[in-house]
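Contents: one structure, followed by commentary.
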Amino acid sequence: MNTHNFTGKLKVALLAGGAIVLPASAMAQQSGTPGASVAQDDLNEQVTQDVGGEIVVTGFRQALDAAIAAKRNSASQVDVIVAEDIAKFPDTNLAESLQRVPGVSIQREAGEGRAITVRGLGQQFTRVRVNGMEAVATSTSDASANRERGFDFNVFAAELFSSLVVHKTAEASLDEGSLGAVVDLNTGNPLALDSGFSAVASAQVRYNDLSEDAGPRLAGLLGWTNDDGTFGVSVSAAYSQYKTSELGNNSVRWTQGAFRSVGGTSCYTGTTYTPNSACDEVGLAFHPRIPRYGAVEHDRERLGLTGSVQWAPTDRTKLSVDGLYSTFKASRDEYWGEVLFRSNERTIDVVDYEIDGDNNLISGTFNNAWVRTERYSRESETKFHQLSARVEHEFSDRVKIDILGGFSKSEAPITREATLIFDDRDFNGYSYDYSDMDSPQLSFGNNGISDPTQFQLAEFRNRPSETTNKFKTVSGNIDWQATDELNFEIGGVYRQFDFDTIGYRADSTYCAAFTCAAGQYGLPVTGNIAELFQLGSAGQPAGNTNEWVVPQLGPAADAVGLFELNPAAFPGDTRSVTEKTTGGYIQANWDSDFFGLRFTGNLGLRYVRTDQSSTGFVGTNQVTVERDYDDFLPALNVNLFVTDDVILRGAMSRVITRPSLGSLTPGGSIDPFNFRITTGNPFLEPFRAMAYDAAVEWYFAPGALASVAVFSKEIDNFPIAGSQQGTFADSQLPTSLLTPGTPLYEAIVGGTNPGVPIEYRTQVNNPGGSLRGVEFSLNLPFSAFTDSSFLSGFGVLGNVTLIESDVEYTVPTPGTGLDRSGNPTGTSDIFQRPLLDMAKRAANGTLYWENEKFSVRTSLAWRDEYIDGLSGNRNVFEGFDDILNVDASIRYNVTEQLSVTLEGTNLTDAARKRWVDDFTRRNYENNRFGRIIMAGVRVQL
């Protein structure tokens with residue numbers, strides 16, 4: 001078996017005379033609901049005044065200056081990244097650009113950023129707007145498609161956008177739905193270009209040292225504006241194709257449960273557990289469910305296109321039409337060698353063992369082990385498109401209107417999700433040693449598992465699915481400048497969000513589909529349907545087994561006719577939600593004096609009615625639940641300019657986030673492999689909170705900023721996942737819903753273990769909790785304190801975020817006894833922990849130096865450990881270790897029109913380490929993804 005970008009940095013403004021001219025109108029156009037701040041038009045005007053009519057951007061520092069000017073003049077607390085800033089970070093997508101913003105951390109998948117967390121609140125609490133309209137972009141994650149409200153930033157290339165704006169405090173004029181932040185992604189603005197044609201093109205080679213693959217990354221912009229500056233057109237494109245490998249180990253969590261025998265002493269009489277000291281000790285210790293090493297190979301292709309047409313027939317009227325199209329194709333191939341302890345303990349003999357001080361079965365040797373090698377393959381594609389139109393018209397110097405309308409659609413079909421499994425169910429001499437939790441030794445002894453004839457093809461499945469998100473938006477407002485210091489906004493909005501997902505299954509065991517002889521459980525394996533997998537360098541210790549046979553995808557699938565089967569719709573994976581929101585707001589904005597000091601801000605009230613219809617299956621019956629609720633959301637932002645360079649900011653608002661989509665379905669699904677039943681709750685209340693923010697900002701030199709911001713969210717209602725143990729009989733569901741041949745089917749219908757514990761999960765309303773934090777931010781160009789031509793080229797920017805939160809969770813605790821079937825018994829307890837996905841500490845920083853020819857930067861992003869779930873199998877929570885990512889970039893301007901670049905990301909090859917159980921930190925996974933090096937050229941015409 002074969003064991004196993006030409007990227008450019010697109011600038012979205014015209015290059016003239018070697019400088020990027022970024023007019024004020026380009027700073028943050030289309031920022032949201034018409035009139036919604038950042039108070040964009042006023043902001044742009046202020047920025048223009050600050051720099052004499054235009055922002056002249058000749059390098060990275062000037063882009064930072066533009067972003068600081070935007071932050072300084074905003075009526076609310078925002079952070080901004082402008083096009084040059086995006087273009088010069090070595091970022092492969094938007095998430096990696098956003099991680100430079102104070103308070104923003106990212107979650108990586110396949111080695112690149114995918115989702116963001118803002119001030120400790122995960123992706124479901126962040127609303128994203130593309131060219132002013134809320135949207136959901138859905139891609140396929142590690143395990144499945146994103147079927148929630150979270151926005152997958154890896155769908156888009158960073159090169160397509162002219163500005164990113166992160167709104168950290170609410171305004172009445174700003175779309176509701178966020179406890180964390182509202183993020184605006186803005187594409188090109190052709191009227192910002194100079195007259196005539198303009199073009200920018202770039203090409204890079206992207207190399208990953210783990211996959212040893214080199215792929216292209218291309219980007220380009222073409223624009224034209226007439227001589228009068230009244231009509232403009234621009235188009236841009238970005239393309240990349242790359243392969244990434246993922247090597248490491250995975251335990252698929254740890255669990256308790258009695259084995260068939262321990263040290264020669266039987267633990268069962270028939271099917272009844274017989275207690276004794278050795279069997280009790282081992283059965284109540286935690287052991288890995290599916291200890292394994294393996295590789296995951298990713299092959300990804302991303303294409304993005306934008307287009308914009310703007311017409312200003314008069315000085316008072318402007319019409320804009322913007323379109324965005326993106327496709328993100330991804331294939332994922334996995335190769336695993338493992339032992340299936342999960343639910344098979346009663347057939348496995350423990351020869352010898354060691355239990356550590358954390359009650360872990362830390363090492364052992366086993367006979368009659370259920371050995372499995374697994375081949376998984378998935379093909380998925382995300383298609384996103386959006387079209388919007390905007391009309392801005394001034395009736396007079398004091399009255400203007402802003403109307404926006406459009407639609408977006410995100411489709412995420414998984415066309416193939418196939419699994420093929422070889423089993424050897426009576427393997428002797430298997431051993432594991434987790435003394436080093438990061439790098440366990442998993443050994444199949446001298447027998448090995450490289451001989452295909454010792455296996456049978458036992459299970460196969462294919463689970464394609466389709467997920468679609470659609471948004472329709474119409475909004476508008478009237479702005480009345482009542483006096484030179486005060487203006488009022490009145491606006492309204494209508495949105496319709498449609499979410500649909502449907503899952504299909506073609507699952508079977510070999511003996512359920514074909515006739516098997518006595519003692520046979522699968523198709524005897526020959527070399528024709530198998531291939532030899534070699535692990536490579538996954539951090540494994542000496543003595544580890546590093547090669548094994550796995551199903552060869554095409555021939556093995558053909559042998560059982562897997563892709564000829566017609567997958568049937570699976571009720572538990574089929575659901576939909578239609579959500580209509582209707583509302584309006586009134587807001588007063590001021591810029592006046594307060595005891596001789598400049599005083600700005602806004603005060604407003606937003607009303608929104610939510611009409612919700614959710615559909616799912618209970619058993620085989622389709623059920624639809626309809627409901628509605630109203631929210632009144634006041635918001636206040638105040639800013640006092642103590643001096644021209646020191647600003648005190650404060651904000652207070654009522655905010656909401658609607659429940660996650662998967663939680664709203666009235667139906668549920670059965671996981672027959674992990675012994676879990678998950679159901680929804682269509683009557684969940686939204687997350688609701690009061691948000692308080694304060695900040696002091698000191699602009700102590702041109703382009704310099706030091707700031708401290710504190711924030712607090714008092715959460716009234718916080719729906720959380722509830723989990724409890726039971727049996728399948730407790731569900732009162734028919735056994736006809738169980739898939740023949742699956743472990744749960746064999747236990748329940750086959751009678752091998754009808755009392756096997758089932759984990760029940762659902763979402764329940766919870767009293768909530770609190771979140772408090774502080775952000776420290778510094779942007780320090782050395783030119784602020786030196787005239788040296790060399791030293792003034794240096795600069796530092798960085799930020800640190802510290803967060804505390806307390807939420808109560810009810811979690812099953814480790815079993816304290818074993819029942820008649822040898823399954824653990826125990827209770828639940830209440831624990832206080834931070835919000836899920838919230839790291840208590842995060843920091844990032846950049847050291848740079850540049851002159852007219854050279855630009856050099858090194859960036860670091862660090863995120864502390866965090867909990868991301870309640871876990872299962874009586875482990876108390878699960879989460880990720882802290883991680884540090886190091887990136888660097890070098891650029892040389894050969895001429896005013898030509899530059900060359902060398903960039904690198906994840907230069908230390910940082911591993912993603914996940915643990916299970918907050919008290920003992922048992923190994924869940926430890927994977928590395930390799931370094932990425934990108935080299936290329938950029939040409940401007």
*Does R375 come within less than 4.0 Å of D333, counting only side-chain N to carboxylate O?*
yes

*asked:* Between Q77 and T169, is there a side-chain donor-acceptor contact under 3.5 Å, judged purely by atom types and distance?
replied: no

*Can you find a heavy atom in the side chain of L884 that is under 4.5 Å from one in the side chain of L860?*
yes

*Where the side chain of D918 meets the backbone of R921, is there a donor-acceptor pair that is under 3.5 Å apart?*
no

*Beyond-backbone contact of R841 with W862, side-chain heavy atoms, under 4.5 angstrom*: yes

_Short side-chain to backbone donor-acceptor contact, N360 and I362, under 3.5 Å_ = no

*For residues M437 and W915, determine if any side-chain heavy atom of one lies less than 4.5 Å from a side-chain heavy atom of the other.*
no

*Do we see a donor-acceptor contact under 3.5 Å between the side chains of R772 and S770?*
yes

*Heavy-atom closest pair, residues P291 and L442*: C-CD1, 3.8 Å

*asked:* Looking at S380, is its backbone amide N or carbonyl O close enough to the side chain of R332 to form a donor-acceptor pair, meaning the two atoms are under 3.5 Å apart?
replied: no

*Inter-residue atom distance S105.OG - R119.CZ, 0.5 Å rounding*: 12.5 Å

*Distance-only polar pair, side chains of R922 and N875, donor-acceptor under 3.5 Å*: yes

_If I compare all heavy atoms of Y866 with all of D837, which pair ends up nearest, and what's the gap?_
CD1-CA, 3.6 Å

*Hey, what do you get for CD (E878) to CD1 (I867), rounding to the nearest 0.5 Å?*
10.0 Å

_Side-chain (T657) to main-chain (G177) donor-acceptor, under 3.5 angstrom_ = yes

_Can you tell me how far apart CZ (R289) and CG (N250) are? Round to the nearest 0.5 Å._
10.5 Å

*asked:* For R931, I'd like to know if atom CZ has over 12 heavy atoms of other residues, nucleotides or ligands within 6.0 Å.
replied: yes

*Within the side chain of E345, is there an N or O that forms a donor-acceptor pair under 3.5 Å with the backbone of G257?*
no

*So, the side chain of S805 versus the backbone of L835: is there a donor-acceptor pair under 3.5 Å, distance only?*
yes

*Hey, what do you get for CD1 (I715) to CE (M690), rounding to the nearest 0.5 Å?*
12.5 Å

*Does the pair R129/D175 count as a salt bridge with the N-to-O cut at 4.0 Å?*
yes

*For R416 and S377, work out which heavy atoms get closest and say how close.*
NH2-OG, 2.7 Å

*Do T255 and R342 meet the criterion of a side-chain donor-acceptor pair at a distance under 3.5 Å?*
no

_From CA spacing to verdict: side-chain contact (heavy atoms from CB on, under 4.5 Å), D882, R863_ = CA-CA 5 Å; D882 66 318; R863 187 181 187 187; over 6 Å; no

*Would you say the side-chain atoms of T501 and T467 include a donor-acceptor pair closer than 3.5 Å?*
yes

*Can you check whether I758 reaches L744 side chain to side chain, under 4.5 Å on heavy atoms?*
yes

_Does R505 qualify as a cation-pi partner of F570, given the criterion of NZ or CZ under 6.0 Å from the six-membered ring centre and within 45 degrees of its axis?_
yes

*Do the rings of F497 and F471 sit parallel, tilted or perpendicular, given the 30° and 60° boundaries?*
parallel

*Considering the options R912, K913, R292, which one meets the side-chain contact (heavy atoms from CB on, under 4.5 Å) requirement together with E925?*
R912

_Chi angles and distances behind the side-chain contact (heavy atoms from CB on, under 4.5 Å) call for K713, L121_ = CA-CA 10 Å; K713 299 186 190 296; L121 291 164; 3.7 Å; yes

*Looking only at heavy atoms, which two atoms of F384 and S410 are closest? And how far apart?*
CD1-CB, 3.9 Å

*Kindly indicate whether the side chain of R300, heavy atoms from C-beta on, has any atom under 4.5 Å from the side chain of Y242.*
yes

*asked:* Test your reading of the model: is there a side-chain donor-acceptor pair from N906 to the backbone of G930, 3.5 Å cut-off?
replied: yes

*Do the charged groups of E176 and R658 touch, with an N to O distance under 4.0 Å?*
yes

*Side-chain H-bond candidate by donor/acceptor type, E714 with S712, under 3.5 Å*: yes

*asked:* Can you tell me how far apart OG1 (T468) and CD (E411) are? Round to the nearest 0.5 Å.
replied: 5.0 Å

_Side-chain donor/acceptor of N208 to backbone N/O of K243, under 3.5 Å_ = no

*Charged N to carboxylate O below 4.0 Å: is that the case for E417 and R463?*
no

_Electrostatic pair R688:D716 at N-O distance under 4.0 angstrom_ = no

*For Y293 and P440, which heavy atoms make the closest approach, and how far apart are they?*
OH-O, 2.6 Å

*State, to 0.1 Å, how close P288 and S251 come at their nearest heavy-atom pair, and which atoms those are.*
CB-CB, 4.1 Å

*asked:* Walk me through whether T382 and S326 qualify under side-chain contact (heavy atoms from CB on, under 4.5 Å).
replied: CA-CA 8 Å; T382 295; S326 177; over 6 Å; no

*State, without any angle test, whether D438 and N923 hold a side-chain donor-acceptor pair at a distance under 3.5 Å.*
no

*Heavy-atom side-chain proximity of T827 to T813 below 4.5 angstrom*: yes

*R833 side chain near V811 side chain, heavy-atom distance below 4.5 Å*: no

*asked:* So, taking the atom named CG in N873 and the one named CG in D917, what distance separates them when rounded to the nearest 0.5 Å?
replied: 11.0 Å

*List the steps, then state whether side-chain contact (heavy atoms from CB on, under 4.5 Å) holds for T419 with E374.*
CA-CA 7 Å; T419 304; E374 186 173 337; 3.7 Å; yes

*For N249 and A538, indicate whether the former's side chain and the latter's backbone hold a donor-acceptor pair under 3.5 Å.*
no

*Any side-chain heavy-atom pair from D79 and K168 closer than 4.5 angstrom?*
yes

*asked:* For F125, is there any backbone N or O sitting under 3.5 Å from a side-chain donor or acceptor partner on S178?
replied: yes

*Picking from F341, Y432, F286, what satisfies side-chain contact (heavy atoms from CB on, under 4.5 Å) with L361?*
Y432

